[in-house]
Amino acid sequence: MNPPHTLQSYTEMRVLRTTNIRAKPADMRLSLVCGSLHGPLHAARDQVARRGTSATELTTAYLRQLHSAETQLQCFLAVDDEYALRQAALIDSRLAQGEDVGPLAGVPIAVKDNLCTQGLQTTAGSRGLHGFVPTYDATAVARLRAAGAVVLGKTNMDEFGMGSSCENSGYQPTFNPWDTKHVPGGSSGGSAAAVAAKQCIAALGSDTGGSIRQPASFCGVVGVKPTYGRVSRNGLVAYASSLDCVGPIAQSVADAAAVLTVIAGSDLADATCSQKPVEDYTAGLLPLDNLSSKPLAFKRLALIQEACGEGVDAGVTAALAGAVRHLQELGAEVEQVSLPSFAAGLPAYYVIALSEASSNLSRYDGVRFGQRGAANELKNMYASSRHSGLGSEVRTLVRREMNMALGRFDALLCPAAPTTAYRVGEKLCDPLSMYKGDLMTVNLNLAGLPAVCLPCGFSGQAAGNALPVGMQLIGRAFGEADLLKLAHIYEQTSGVVTILPSVFIESASAKHD
Amino acid sequence: MTYYSMGMQVVRCCSRAGVPGPCTRQWAVQLRSLAATGACRRASSGTCTAALRNVAAAASAAGVATDGASISSSSSSTSTQPAAKVDYEAVIGIETHVQLSTKTKAFCSCASEFGAEPNSNICPVCLGHPGTLPVLNADVVRKGVLAGLALDATICLSSKFDRKQYFYPDLPKGYQISQYDVPLCEGGWVEVVVPDSGAGTSVRRIGITRAHLEEDAGKLVHGGAASLSGSDYSLVDFNRAGVPLLEIVSEPDLRTGAEAAAYGAEMRRIMRFLGVSDGNMAEGSMRCDVNISVRPRGRAAFGTKVEIKNMNSFNAMQRAIEFEIVRQVDALEGGREGEVVQETRLWDEGRQCTYSMRKKEGLADYRYFPEPDLPELTLTEAYVQELRASMPELPRQLRERLLGLGLSQYDVLVLSDDAEVAAYFDAVLAAGAPAKPAANWVMGDVMAHCKEVRLGWEQLAARMAPAALAEMISLIEDGTISGKIGKDVLPALLAGEGGAGGGSVRALVEARGLVQISDPAALAAIVDGVLAANSKQLQAYREGKTKLQGFFVGAVMKESKGRANPKELNRILMQRLAAPPS
């Protein structure tokens, strides 16, 4: 089960990967274009741009896959086929007129339900926002549209982002495509599961304390939590405003980089958004053929000591150890670093996040949004509307410690979660252990630093029972480009992620019967 | 009226029957249970009046028997107050909410105008729609800093915004963006001219604790009654939500209603001189909340503090304070201390009393925390200096300058009350008119005219150029026309016939044949003619009936069509009356 980590197997692995991607249903017509960057996004985009396929055909194919997998996975809260096809038709007509439609022309994308989409219901997974149709697009969504992407629908999430399993959605649980008895993680579980099940090419998620990285880890996909302020929060239904980040979830590092390049950048509507110019995050990503034999020579990496060992599953530890070995083979120096205040981050995170949440959520009083009750007196009306609806010093310390470590190392690494995806219902009665699962991710949000989570192996028995393990690479503030380069090299050479999620295979094979 | 529909399907009709208007599109909320139940609790009128007299005297005396921080320069002594038994003094602090007159709201680009169609100046940001973020309006900061500088406050180069959380239907986000522990302006003072019981005034310096920026809430419109109490339903107009406010908190330096009223008036004047607010109390662009307690004179500790709201003029504020002092002293003297509790009371203009709105149970916990959606507000010293350099003359400086011109205290107060009046007056001076006659004309006939026809002073200047008035004054000063003729000519000038001065008024006067006759020979000829025509009266005069002098003056004036130089006329007439030409 464990993939090989030797440099000698490069070519072999690429063949393996190609085979797997060709296992997509034929009607998707997405054959891998050799020589270009890896990932269905790049492939699809090239196809559409070359008029090999139309945005409408692509959207139709993905909608079919979306609906076929949806009965088992429940990744989406809102899908409007007509709405998606209208966007695709518009892109096709613009392409027909020779217009440059943008870097994501025709790419079907899903959006987490806490990002406002004009004309498409946005509930943040809460009954308290049932029926709310935004009058505007979140900046990240607007930028996707402007780049030619087609928004397929809104993905499920833990209510207002508060939860790590998607079981706390006000509407439905989402199931992990690798094994539907398991949770997809959260809160961006709908987005991660939808990407893993190829219900869309990529998705937007949001990360307040690990909500992109942990589900990406659970679902075996790539998730990027950008530096705080790299992507505008305008239109993101706020959970904890000083921690919230919007970021991409995709099937490859290159795909995630392409989406991030589009959505990042300053925004007049968000005063906390950075003015720093945005790089093309795909520019530094080299195709496998162009990599040298020691592509990570002189890179200094460090494993966070406090994030390994006690409390971390053996399977996760083993997968990470394998990843470390592979990084070393690529030429990187990997040391251990101790961050003594690492554990203090979790309680600090919960104080800050919940204080801000109590403020951000106070407007959802059930009166202006959601299902207002009827009563003859104001107090009674509020009462009837509500029952149906619904430590900054440590922060400084954590930030300082991480930044100091990042002064010495190019990146830090640790698991994105101490376990693989747990079983549905397993932690519902033990929320504390679910919160503790956030230990691996929350410090990043406190420090505002960027991280990429990407698959680094599997844990569990062989023969289909294995669940993906995600590795978290932590970079310097606004160092997304370097971080993505590193992740890309690892991804291209490690040969991890070759098995398609069971649900996907089932639905695909069912179609071909 | 188009009341805004929140979200897609959320707006619905009030469940109660009898809601007027297009109720399907209105957010009709019944607020009955929150309605104030406090009736007007007034002490028996006999005690009340007596107490009022005592306390007014006491408080007024306290006003000038100042604490160390304030200045007193009383022109008419208050130590001559009747020897009423002075037992209590009031301690008063005022929170003033000044609406900053920016074009757009504090955190979004909606217009912040007053009086627009309900819910027409709104957007997802000021409605607190999910996902929206505030972006600070630079003009709010500029106006806040200007106001702070005018109050001699320290401008904090690094301040921040905080969220003040409370729940009320007019607050869309469930919190107000305000400034908590690091306000934009700290410290400061304002000079207040308080009229005292005589014709004099005293000057006091009132400390300013702080001034901070915040946003306004929406406005509740109560249906079926003028206020929440007794209304059947309430509607919310979010036009005002997000309009920028500067909250100015005074030190508890005030002692009387008159001082408070003078403080409010000076604050309004400063804001208007700066052009940062129109200070219109009736439209709510300036609102004062009064904190008031009484204590036995000489005691350092404060008494139980009561907050009074809902006063829509400085006069009302003064009366509310005077009422409240009486009520509190009455209660304390009558052994009913329990009637003075920490609470918010409203001023009832109709009944001229305050009544309890809500009791304050302990300190409200607003759960303040730093607003994560706004970065720290950082200003440079250069920015503040630039604004300081651009400051217009302030009322206090204007008063000093006008006193320096030799004008009376009264003239100074009238002319400096309004920036537009002062600007017009200054323009008349700049055109060469001497101060005193210029003041008399501006404060007299000209001001009366403006009030009568409801003309603003800028509009006035467009009709009667200040230089035209100045030229007319100079014609009076040099004897070309009399003051009386001046008054007759004024309507023509107000109609714009005086042009831009600089000779055009003289031309007008000459064209109308109104130039004064000062030539002794010419006047003598007229006098002689009058005397000759009235020989009988002349005879009587010379026989001792000297009262007839007025008759002759009138006759000569009539003969000269009012143009005779009165002084010269008198001289020549007396000469002729006394000694007949031989």
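Order of the sequence lines sets the chain letters (A, B, ...), proteins ahead of strands, with each chain counted from 1.
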Identify which part of [X] has an atom lying under 4.5 Å from any heavy atom of chain B, answering side chain, backbone, both or neither.
X: A:Ala269; answer: backbone
X: A:Leu268; answer: backbone
X: A:Tyr239; answer: neither
X: A:Asp244; answer: neither

Report summary line: If one checks every heavy atom of B:Pro134 against chain A at 4.5 Å, the contacting part turns out to be backbone
Query - Rounded distance [0.5 Å steps], CZ in A:Arg399 versus CG in A:Leu449 - result: 8.5 Å
Report summary line: Answer key: most heavy-atom pairs under 4.5 Å with chain A among B:Gly131, B:Gly174, B:Pro375 is B:Gly131
Requested in this report: Return the option, out of B:Pro130, B:Pro372, B:Gly128, B:Pro370, with the maximum number of heavy-atom pairs under 4.5 Å with chain A.
Outcome: B:Pro130
Query raised in the report: Strictly by modelled atom types, are A:Arg127 and A:Tyr364 linked by a side-chain donor-acceptor pair under 3.5 Å?
Result: no
Query raised in the report: Is there a donor in the side chain of A:Arg395 and an acceptor in the side chain of A:Ser242, or the other way round, less than 3.5 Å apart?
Result: yes
Report task. Take atom OH of B:Tyr180 as the centre, draw a 6.0 Å sphere, and report whether it contains more than 12 heavy atoms from other residues, nucleotides or ligands. Result -> no
Query raised in the report: By salt bridge (Lys or Arg N to Asp or Glu O under 4.0 Å), which residues pair with A:Asp158, not counting sequence neighbours?
Result: none
Query raised in the report: Among pairs that include at least one residue of residues 173-184 of chain B, which meet salt bridge (charged side-chain N to carboxylate O under 4.0 Å, His left out), considering only residues two or more places apart or in two chains?
Result: B:Lys160-B:Asp181, B:Lys173-B:Glu215
